[in-house]
Amino acid sequence: MNPSAGVPRITIAEAERYTGQSVRIAGWLYNLRKSGKIAFPLLRDGTGIIQCVAVKSALPEETFNAIRNLTQESSIIVSGKIRAEQRAPGGFEMDLEDIEVVQRVPEEHPYPITPKEHGIEFLMDHRHLWLRSRRQHAILKVRHEVIKAIRNFFDSNGFTLVDTPIFTPAACEGTTTLFEVDYFEDEKVYLTQSGQLYNEAAAMALGKVYCFGPTFRAEKSKTRRHLTEFWMVEPEMAYATLEDVKNLAEALVVFVVGRVLENRRQELEVLERDIAKLERIQAPFPRISYGQAIDILKSKGSEIEWGADFGNTDETILTEDQQRPLMVDRFPAGIKAFYFEPDSEHPEVVLGVDVLAPEGYGEIIGGGQRIHNLDLLVERLKAHNLPPEAFDWYLDLRRYGTVPHGGFGMGVERCVAWICGLEHVRETIGFPRMLYRTRP
RNA sequence: UCCUCAGUAGCUCAAUGGUAGAGCAUUCGGCUGUUAACCGAAGGGUUGUAGGUUCGAGUCCUACCUGAGGAGCCA
């Protein structure tokens with residue numbers, strides 16, 4: 001009979017509430033410090049880390065030896081009494097009374113990720129184990145909070161979730177390279193790069209909608225800001241103008257950052273994020289036009305000319321002295337997708353907006369107002385060398401009760417990388433898919 | 001796709017063209033309050049691959065492979 005069988009099982013996050021009580025905790029050995037007659041196993045269980053104390057004189061010899069001989073990441077269930085302790089990290093520790101070793105990691109194959117430094121190649125090869133580290137744990141918790149906040153924001157602001165297809169015929173926008181997939185006999189489909197076109201149809205049915213799912217880009221981008229598979233949330237609103245889109249994007253970013261500050265402060269501290277910088281993320285965000293951005297870039301020494309898209313260094317220059325995200329709108333038609341509504345006062349620019357995160361994190365949001373006039377849309381399709389017959393259903397939306405409408409897409413990984421203050425988006429998702437990495 | 005850099009013990013890194021080393025990890029021994037614990041000892045290597053230069057190559061040259069950073073493209 002296990003003497004601790006009747007003891008309540010708790011998580012480390014709840015430990016403080018059980019001070020003075022005997023409990024059981026199931027987890028993994030994070031680290032073990034030991035001397036001849038006392039040992040300090042650190043246990044993690046996914047909710048936190050707690051230090052246990054095993055004293056030789058207080059335990060059966062068999063139990064003490066089992067603890068002393070534990071290896072890193074062995075799965076164990078411990079029981080003992082929770083006690084406040086100044087010397088323990090976190091302020092609480094468990095006086096160990098009994099231990100059940102679920103699996104002892106054999107020393108012939110010790111846990112590869114030691115408490116010392118590792119290179120990125122090694123860590124990425126061991127991503128399935130790396131997730132157990134304190135830092136990766138914190139990032140995934142923040143990611144979850146960001147996603148939860150996004151859904152809360154839209155759900156409580158009158159939006160309906162309408163999932164859009166992953167398999168799509170041909171190009172959505174005709175710009176980026178897509179992943180091609182065999183679809184039964186003789187047919188090719190492509191992995192989605194955006195749900196926007198479908199969202200436009202859904203918005204005409206439900207008013208305000210959003211889709212939230214994975215997005216695929218077959219671009220051979222090899223930078224700290226790119227994944228081949230990433231998550232994007234895309235709201236779309238009927239009867240909306242560029243101004244409405246900008247206000248929505250601003251409100252979303254403020255809300256998401258606020259939620260992370262409210263619920264994930266501890267994780268931000270693990271990540272050593274400068275929290276003061278996040279606390280400054282309040283409306284209103286600075287708003288400039290593309291033309292003003294070009295003037296600023298030129299005044300700061302950039303070679304850029306009107307009509308060109310921003311490079312990464314341009315984005316950095318624009319945001320380097322910004323404390324809040326920067327909104328840039330009214331881009332030349334030539335550098336944006338076919339569906340952007342032209343500015344009625346300046347037809348050479350379109351009503352698109354990009355939101356650039358501070359601290360050099362680049363574009364986290366892109367969107368704008370869509371063309372609602374049928375003839376203009378057909379004209380733009382032709383100008384972009386896209387076959388109008390491939391967009392028959394999309395053009396229908398302009399035949400049956402067309403209205404001004406718009407929306408945007410926000411990249412979750414870039415957003416999480418910015419909020420967490422990470423060097424690279426590859427750490428913001430459980431198992432990143434990149435140009436030269438699809439395992440594990 | 002292009003440019004740059006790197007590849008040495010399980011991991012992180014040293015080594016003037018001249019006997020391949022250290023810390024961590026692992027094993028053994030010591031230690032009753034440790035904080036990436038500490039102290040002592042041991043085992044652990046076809047220096048990414050294939051050629052070449054040289055009396056002699058981890059080091060120099062060529063090609064290739066793998067990875068990283070950046071550019072372009074994009075969220």
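Chain letters run A, B, ... following the sequence lines, proteins first and then strands; every chain starts at 1.
Across the P atoms, B/A14 and B/G23 are found 16 Å apart, a figure rounded to whole Å. Spacing of C1' atoms, B/U49 relative to B/G7, comes out at 11 Å, to the nearest Å.
Counting non-hydrogen atoms under 4.0 angstrom, A/Leu227 reaches a base of the nucleic acid. Contact annotation for A/Lys56: no contact, since no heavy-atom pair falls under 4.0 Å across all strands.
Of the listed nucleotides (B/G67, B/G33, B/U26), B/G33 has the atom at the smallest distance from the side chain of A/Glu93. Picking from B/G69, B/U26, B/C74 the nucleotide with the shortest atom distance to the side chain of A/Pro110 gives B/U26. Comparing B/C31, B/G33, B/G67 by their closest approach to the side chain of A/Tyr436 singles out B/G67. When distances run from any side-chain atom of A/Arg225 to the nucleotides B/C73, B/G69, B/A75, the shortest one goes to B/C73. Considering only side-chain atoms of A/Lys220, the nucleotide from B/A75, B/U32, B/U1 that sits closest is B/U1. The side chain of A/Ile38 has B/U32 as its nearest neighbour among B/A68, B/U32, B/A75. Of the candidate nucleotides B/G69, B/G33, B/A36, B/G69 has the atom nearest to the side chain of A/Lys222. For A/Arg83, whose side chain is taken as the heavy atoms from C-beta onward, the closest listed nucleotide among B/G33, B/C74, B/A36 is B/G33.
Sorted by first and then second residue, the salt bridge (charged side-chain N to carboxylate O under 4.0 Å, His left out) pairs with a member in residues 427-440 of chain A read A/Asp125-A/Arg437, A/Arg135-A/Glu427; sequence neighbours excluded.
The aromatic rings of A/His384 and A/Phe338 lie perpendicular to each other, with more than 60° between the two planes, well past the 30° mark. Aromatic ring orientation, A/Tyr290 versus A/Phe331: tilted (interplanar angle from 30° to 60°). Ring geometry for A/His128 versus A/His126: interplanar angle under 30°, hence parallel rather than tilted (30 to 60°).
The residues A/Asp244 and A/Lys208 are annotated as not salt-bridged, no charged nitrogen and carboxylate oxygen being separated by less than 4.0 angstrom. Ion pair A/Arg217/A/Glu219 not flagged as a salt bridge, since none of the NZ, NE, NH1 or NH2 atoms sits closer than 4.0 Å to an Asp/Glu carboxylate oxygen. Ion pair A/Glu315/A/Arg414 not flagged as a salt bridge, since none of the NZ, NE, NH1 or NH2 atoms sits closer than 4.0 Å to an Asp/Glu carboxylate oxygen.
Base pairing of B/U8: no nucleotide in any strand meets the Watson-Crick or G-U wobble criterion (both distances under 3.5 Å). In this structure, B/G69 and B/C3 make a Watson-Crick or G-U wobble pair, each of the two defining distances being under 3.5 angstrom.
You'll find a donor-acceptor pair under 3.5 Å spanning the side chain of A/Ser57 and the base of B/U32, going by distance alone. Within 3.5 Å, no donor on the side chain of A/Ser221 pairs with an acceptor on the base of B/C74, nor the reverse.
Atom pair A/Leu178:CG and B/C73:C1' shows a separation of 13 Å (rounding to whole Å applied).
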How does protein contact run along nucleotides 6-13 of chain B, one letter per nucleotide 5' to 3', with B for base contact, S for sugar-phosphate only, - for none, heavy atoms under 4.0 Å? -----SS-
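Stacking of A/Phe230 onto the six-membered ring of B/A75 is present: less than 5.5 angstrom between centres, less than 30° between planes.
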